[in-house]
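Each chain gets a letter, A, B and so on, in the order its sequence line appears, and its residues count up from 1.
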Amino acid sequence: DTAVSQTPKYLVTQMGNDKSIKCEQNLGHDTMYWYKQDSKKFLKIMFSYNNKELIINETVPNRFSPKSPDKAHLNLHINSLELGDSAVYFCASSHRTGDYTFGSGTRLTVV
Amino acid sequence: AQRVTQPEKLLSVFKGAPVELKCNYSYSGSPELFWYVQYSRQRLQLLLRHISRESIKGFTADLNKGETSFHLKKPFAQEEDSAMYYCALSNAGNMLTFGGGTRLMVKP
């Protein structure tokens, strides 16, 4: 059983398209996150979300939006994709401070 | 604002040599620090946390508040230690801020 699963693993799409990446966790964690890993392997927090609060990194463009239908899911919607959005996106969840469980990542390529 | 700095992008050592991956942080509160590891084609996973004071896979890390450092050490590197290593700091809101990562290459 995969604790944090993301789909799809790979996503190739054209500029201007709208796409979604799904994330599900079966750990019963309260908080979920999205991180972006760029080509230089730098990891940057995009969103943190629990059933009470959404925290958005102010540097994230508003073309990116998280959607959480329930506590076990946090999907990432991206509108009007740009070349610079190409990266690996990681979903994670946590219950205890700093102890994150990460998904295997979604490699997004915008052409 | 909190910040985590890993000054080395790449660290290359021979098998059996000691290894130290450097991490410095800045944070106004009481820090909680972690090391995460990402092996090739695998997901990022927690290696160790400073409050546990544990040794995982032979790695240890000591929090030095005076020097604001949390360096990761292993006395004898193994080839299977080759990976990306990320130092991370957790704030009061349980959000992890990661350093830029250090790629460790252990040569035979």
Item to check | Listed partners of A/Asp99 passing side-chain hydrogen bond (donor to acceptor under 3.5 Å, both in side chains), at least two apart | outcome: A/Arg96, B/Arg49
Checklist outcome for this item: So, the part of B/Arg41 with a heavy atom under 4.5 Å from chain A: the answer is neither
Item to check | Interatomic distance, A/Phe102 atom CZ to B/Gln42 atom CD [nearest 0.5 angstrom] | outcome: 14.5 Å
Checklist outcome for this item: In this structure, NZ of A/Lys40 is separated from NZ of B/Lys9 (nearest 0.5 Å) by 7.5 Å
Next on the checklist: A/Leu43 vs B/Leu44, test: side chain to side chain contact (heavy atoms under 4.5 Å, CB included). Steps then yes/no.
Outcome noted: CA-CA 11 Å; A/Leu43 274 165; B/Leu44 204 62; 3.5 Å; yes
Item to check | Heavy atoms from other residues, nucleotides or ligands near CZ of A/Arg107 exceed 12 (cutoff 6.0 Å) | outcome: no
Item to check | B/Leu96 vs A/Tyr35, side chain to side chain contact (heavy atoms under 4.5 Å, CB included): CA-CA, chis, key distance, verdict | outcome: CA-CA 10 Å; B/Leu96 278 180; A/Tyr35 277 81; 3.4 Å; yes
Item to check | Listed partners of B/Tyr25 passing ring-ring contact (aromatic ring centres under 6.0 Å, His included), at least two apart | outcome: none
Checklist entry - Within a radius of less than 6.0 Å around CZ of B/Phe76, do more than 12 heavy atoms belonging to other residues, nucleotides or ligands occur? => result no
Next on the checklist: So for B/Gln38, is it side chain, backbone, both, or neither that comes closer than 4.5 Å to the heavy atoms of chain A?
Outcome noted: side chain
Next on the checklist: Minimum heavy-atom separation for A/Val4 and B/Arg43, please, with both atom names.
Outcome noted: O-NH1, 3.0 Å
Checklist entry - Would A/Tyr100 and B/Phe34 count as a side chain to side chain contact (heavy atoms under 4.5 Å, CB included) if you check the C-alpha gap in whole Å, the side-chain angles of each, and the deciding distance to 0.1 Å? => result CA-CA 10 Å; A/Tyr100 284 22; B/Phe34 307 83; over 6 Å; no
Checklist outcome for this item: Correct closest heavy-atom pair for B/Tyr86 and A/Gln37 would be OH-NE2, 2.7 Å
Next on the checklist: Are more than 12 heavy atoms, taken from residues, nucleotides or ligands other than B/Lys15, located less than 6.0 Å from that residue's NZ atom?
Outcome noted: no
Checklist entry - Hey, is CG on A/Asn62 packed in by over 12 heavy atoms from elsewhere, all under 6.0 Å? => result no
Checklist entry - Just wondering, more than 12 heavy atoms not from A/His77 lying within 6.0 Å of its NE2? => result yes
